[in-house]
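FYI, the numbering just counts along the sequence from 1. Values reported hereafter were calculated over all heavy atoms of this structure, with side chains retained and with hydrogens, waters and symmetry mates removed.
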Amino acid sequence: MTRKHCFTLMEVMIASLVLAISAVATMSIVGTSQAKLLREERRWGREHYLSNALEFFLACGPSADFPQELLPQGWRAECELFNVEEGLPEAAYESIQGWRLGEFRVRIYDGNGKLAGEQSVRKLVKDEDVGYEAMGGAG
């Protein structure tokens, strides 16, 4: 005759404890991952909106009216164009055949008016385009 080996109450309790600890650890990892995913998704969204605004102003100029449908409701974008003069060789300060180096500074603001992103890009622009004061589309 063979004798069946049954689990003792202590073995069942230990197994249940290990299972419970594993479940809690798994839920903690999942919760942390979801929070990180949401945070990165919001960051990606802000960068995407900033890229859209930057591309628009580079293509249409700093004084163009920014189309509101490119941003969430209540957000706005603005662009400033500056004449670049720092860190250039002496010969680069003068325009060459009507062109000079300009810096586009684009900012986007969220629905609360808080700065959501800012980026600067340098590009050759016509002489008459440089010197704009804070321009851009209001959202």
Under 4.5 Å between side-chain heavy atoms, chaining through other members, with only Ile, Leu, Val, Met, Phe, Trp and Tyr counted: pull out the rest of the cluster around Phe7, sorted by chain and number.
Val12
Okay, side chain of Asp110, backbone of Asn112: is any donor-acceptor separation there less than 3.5 Å?
yes
Residues, nucleotides or ligands: over 12 heavy atoms within 6.0 Å of Lys126 NZ:
no
Could you check if a side-chain atom of Phe104 sits within less than 4.5 angstrom of a side-chain atom of Val125, using non-hydrogen atoms only?
yes
For residues Arg76 and Leu71, report the shortest heavy-atom separation together with the two atoms involved.
C-CD1, 3.6 Å
What are the two closest heavy atoms between Val106 and Cys79, and how far apart are they?
CG2-SG, 3.9 Å
With a cut-off of 3.5 Å and sequence neighbours excluded, list every side-chain donor-acceptor pair involving residues 29-37.
| unit_1 | atom_1 | unit_2 | atom_2 | d |
| --- | --- | --- | --- | --- |
| Thr32 | OG1 | Ser28 | O | 2.9 |
| Ser33 | OG | Ile29 | O | 2.9 |

Can you tell me if Gln68 uses its side chain to pair, donor with acceptor, with the backbone of Trp75 under 3.5 Å?
yes
How would you list, by chain and number, every residue that makes a side-chain hydrogen bond (donor to acceptor under 3.5 Å, both in side chains) with Gln119, sequence neighbours excluded?
none
At what distance, to the nearest 0.5 angstrom, does CZ of Arg107 lie from CG of Leu50?
11.0 Å
Rounded distance (nearest 0.5 Å) linking atom CZ of Arg122 with atom CZ of Phe82
11.5 Å
Could you name each residue pair satisfying side chain to side chain donor-acceptor pair (under 3.5 Å) that touches residues 45-54, not counting sequence neighbours?
His48-Asn52
If you take all heavy atoms of Phe57 and Ala77, which pair is closest and at what distance?
CE1-CB, 4.1 Å
Taken in chain and number order and not counting sequence neighbours, the residues that satisfy ring pair (Phe, Tyr, Trp, His ring centres under 6.0 Å) with Phe56 are Phe66
All N/O donor-acceptor pairs, side-chain side in residues 38-45, below 3.5 Å, sequence neighbours left out:
| unit_1 | atom_1 | unit_2 | atom_2 | d |
| --- | --- | --- | --- | --- |
| Glu40 | OE1 | Arg43 | NE | 2.8 |
| Glu40 | OE1 | Arg43 | NH2 | 3.1 |

Rounded to the nearest 0.5 angstrom, the CD1-CG distance for Ile14 and Leu9 is 10.0 Å
Please check if Leu54 and Ile108 belong to a single hydrophobic cluster, counting links between Ile, Leu, Val, Met, Phe, Trp and Tyr side chain heavy atoms closer than 4.5 Å.
yes
